[in-house]
Amino acid sequence: MILLGFIYFKTLNKYTKSYSNAFLTVKRRKVLFAIALVFYFIAEGSPLKAYGHYLFSFHMTSMAIVYLIVPPLILLSLPKPFFDPILKKHSVKKVFSFFTFPLVSVVLFNAVFSFYHVPAIFDYLMNNMLLMNVAFYVLLLLAFLFWWPLVTPLPELNEISNLKKLGYIFAAGVLLTPACALIIFAKDILYETYLNAPRVFSVFQLLDDQQAAGIIMKIIQEIVYGTALGIIFFQWAKKEKRQDESVTSEMKVYEQRMENVKLEGK
């Protein structure tokens, strides 16, 4: 992670002149990337990850951070030139466009995430380190594709309107709800992985841990999606205000011209 951060900060300075968005200055992009690295370390490099093998709530917290918090922060921190070498080939760009198409990306991520938590699939993956790591990085890739339409660094590639972004976030919340509800309201232990795991905290009952996992995922999802909705509304209102000011300014200029014409006529 330290090496990744060093490469990023070293490379970012080359693209200083490529920023068209006044809000996402070089300094703010660096801050966003640093925050993303901190969150990723908390999820994957801290005891939270280790305890995730014994407590489902810790595992779900780690997943929520990695898939819902880290990807949008990283995408916001990357300027457009970062993607030029990757999307230079037309075939790669075409495939990328397909998987970042809003309907595809929102359904694909939430469907795979839900299937991952089917008890039989989850227990099988948790007992095979290689498959568990493959599933982790597949979901991480799908998480980046999921967030792309909302915070794309390339406006010309699958950018959607603010209204559609609101619908996109709403759809994502609806699609993730069944998996969380199944975990929260289940009356029995769903996963043998945690039923047979060593007890870390004796006061934390297995069913409480399972319900807490679903609640944590839902709360983090609501916070992240709510924040995204707030930012979109703010940007939308700001854009509408600029347009209104532009129209008002044009109207004033027009009225002034008409007034000058009348004076000249007299």
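Bear in mind that the values here come from a model prediction, so they are computed numbers and not experimental data.
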Tracing side-chain links under 4.5 Å among I, L, V, M, F, W and Y, which residues wind up in one group with F185?
I184, I215, I219, I223
What distance do I35 atom CD1 and I74 atom CD1 have between them, rounded to the nearest 0.5 Å?
12.0 Å
Set of residues satisfying ring pair (Phe, Tyr, Trp, His ring centres under 6.0 Å) with respect to Y40, sequence neighbours excluded
none
For I7, what are the other residues in its hydrophobic cluster, where any two members join if their side-chain heavy atoms are less than 4.5 angstrom apart?
L3
Residues passing the ring pair (Phe, Tyr, Trp, His ring centres under 6.0 Å) test with F9, sequence neighbours excluded, are none
Partner residues of K30 under the side chain to side chain donor-acceptor pair (under 3.5 Å) criterion, sequence neighbours left out
N13
For Y67, does its backbone N or O pair with a side-chain atom of W147 as donor and acceptor, under 3.5 Å?
yes
Just jot down the ring pair (Phe, Tyr, Trp, His ring centres under 6.0 Å) partners of F144, sequence neighbours excluded, or say none.
none
Listed once per pair and sorted, the salt bridge (charged side-chain N to carboxylate O under 4.0 Å, His left out) pairs that draw on residues 132-142, sequence neighbours left out:
none
Pairs flagged by salt bridge (charged side-chain N to carboxylate O under 4.0 Å, His left out) wherever residues 188-198 is involved - sequence neighbours left out
none
Give every residue pair that meets the salt bridge (charged side-chain N to carboxylate O under 4.0 Å, His left out) criterion with at least one member in residues 220-235, sequence neighbours excluded.
K218-E222
Enumerate, atom names and distances included, each donor-acceptor pair closer than 3.5 Å involving a side-chain atom of residues 102-111, sequence neighbours excluded.
residue, atom, partner, partner atom, Å
S105, OG, F101, O, 3.3
S105, OG, P102, O, 3.2
S105, OG, Y168, OH, 2.8
N110, ND2, V106, O, 2.7

Please tabulate, for side-chain N and O atoms in residues 129-143, each donor-acceptor pair with protein atoms closer than 3.5 Å (sequence neighbours left out).
residue, atom, partner, partner atom, Å
N133, ND2, M129, O, 3.2

Do the two ring centres, one from W148 and one from F99, sit under 6.0 Å apart?
no
Show me the donor-acceptor pairs within less than 3.5 Å that the side chains of residues 54-62 make with the rest of the protein, sequence neighbours left out.
residue, atom, partner, partner atom, Å
S57, OG, D209, OD1, 2.6
H59, NE2, Y116, OH, 3.3
T61, OG1, S57, O, 2.7
S62, OG, A43, O, 2.8
S62, OG, E44, OE2, 3.2

